[in-house]
Amino acid sequence: MVKVGIIGCGNIARFHYEGYEKAGAQITHVCDIRQEAATALAQRYGAKASTDYRAVLADPNVDLVSILTFGSTHLEIGLAAVAAGKAVVCEKTLTDGPAASATLARAAAQARTFFATGYMKRYFPAAQQAKKLLAGMGPLVSIHARTWQPFPGLFEQPLPEWEWLRQRPSPVIRNYGGGVLVCGGSHILDLLHWFAGRPLRVSGQMRFRPELDFDIQANALLAYENDAVAHLECCWHSLRFAGYERKGWDERLEINTTDGRLDFYTVKWDEPEKNGALLVHQDAVTGTTTEYRYPAVNPFHLEMAEMLRRYEAGEAPEPSAWDGYVVDETIAAITTSAREKRTVEMCWQDR
Ligand SMILES: NC(=O)c1ccc[n+]([C@@H]2O[C@H](COP(=O)([O-])OP(=O)(O)OC[C@H]3O[C@@H](n4cnc5c(N)ncnc54)[C@H](O)[C@@H]3O)[C@@H](O)[C@H]2O)c1
């Protein structure tokens, strides 16, 4: 039985510990700088509680840790976990920038540490099926990828009187390191990387407001080999009924190849038990259209089960630390392109 340590007991933690619990792992040590958060979770599992992550890493009763703290802390905690010989599942984004992510991925590779980045959307059954189908659909032509997430108020004139909006740095920057591109776009960039490979160059445009310190809209054109292209749209919008679930969550990828089209619709990330993700396959060769409707499953739970399976089987994790680095490098390129109003040629630090 794999023994798991949880570092960071905030919003995302329940998706990890419930996933590990369902998959038969044992939570043996939990940590948060907020003592009460660590103690409450420790009681649930009869686990140890700490306020210093180093206690978890020094615990011989821990094989694998989930790092669920803010992105700005992932480099320090991740390097310490690698040095301590623990396997790691690190929430996205891998760190707060590509240089730090490359450092972390390199350290994990050199130490041969099992080190995963938590982009769980790959684990929707619809995403897995899309990946399988794509392998037989001929060369990629284009992808239109959208993550429009409901966040009413941010386009209002004037802005709502929320005190947190005026804090500097705002909690969005302090906790996540960026606005909609980092928070929502990162997941889509991971899916684009998984489906299409690494882009050759990117052109980005981002919307900021002078009263805010984070982006509320980000668009990019990503160019791939053989003239394939992806268009990415991210927005924190006010459309209450948009999207496949008609509740404002509007996230989808339309993937076009020479032999057909896949339409993949995700469901709201923190309510995955309400609806299943949807995949529609139009086969241009046979003329048939197939809808794949899946039961509502939590992709985090499937992710944790697969992480444990791979760890125990001695297989590499997916997505890996290097996959996390690719997303962070692409985010940085889109941001530079938008700021400097030029196309950015991608330059990968692991090649
Ligand atoms: N996969 C997803 O869809 C998804 C969704 C939300 C958040 N996330 C990611 O999860 C991570 C955490 O986000 P969250 O929303 O849970 O934030 P949160 O603020 O709710 O929780 C973070 C927790 O970490 C604790 N913490 C901070 N520094 C610490 C340290 N040095 N040692 C121990 N504990 C520490 C905080 O006290 C807090 O309880 C971020 O990297 C975020 O990007 C991923």
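Whatever order the structure lists them in is the order used to number ligands and atoms, beginning at 1. Treat the numbers as computed from the prediction; the structure is a model and nothing was measured.
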Nearest neighbour in protein (non-hydrogen) for atom 43 (O) of ligand 1: Lys92 O, 2.8 Å

Any N/O pair Trp269/ligand 1 closer than 3.5 Å: no

Check: Asp96/Ser72 side-chain N/O donor and acceptor closer than 3.5 Å: no

Distance-only side-chain donor-acceptor flag, Thr147 / Glu251, under 3.5 Å: yes

Other residues, nucleotides, ligands: >12 heavy atoms within 6.0 Å of Arg207 CZ: no

Ion pair check, Glu315 and Arg309, cut-off under 4.0 Å: yes

Ile12-ligand 1 polar pair, N/O distance under 3.5 Å: yes

Hydrophobic cluster identity match, Met304 and Trp269, side-chain contacts under 4.5 Å: yes

Atoms of ligand 1, numbered as shown, that sit under 4.0 Å from any heavy atom of His74: 41 (O)

Min N/O separation Thr73 to ligand 1 under 3.5 Å: no

Thr117, Ile33, Asn11, Val56: member with heavy atom nearest to atom 34 (N) of ligand 1: Ile33

Closest protein heavy atom to atom 21 (O) of ligand 1, given as residue, atom name and distance to 0.1 Å: Gly10 CA, 3.2 Å

Thr73 and Tyr53: side chain donor to acceptor below 3.5 Å: no

For Met120, atoms of ligand 1 separated by under 4.0 Å from a heavy atom: 1 (N), 3 (O)

Shortest protein contact, atom 29 (C) of ligand 1 (heavy atom only): Thr69 CG2, 3.5 Å

Polar contact flag, side-chain donor to acceptor under 3.5 angstrom, Ser203-Ser337: no

Per-atom contacts, ligand 1 versus Tyr176 - under 4.0 Å to a heavy atom: 13 (O), 14 (P), 15 (O), 17 (O), 42 (C), 43 (O)

Nearest-contact summary for atom 37 (O) of ligand 1 - protein heavy atom, Å: Asp32 OD1, 2.6 Å

His187 neighbourhood, listing ligand 1 atoms whose heavy-atom distance to it stays under 4.0 Å: 1 (N), 2 (C), 3 (O)

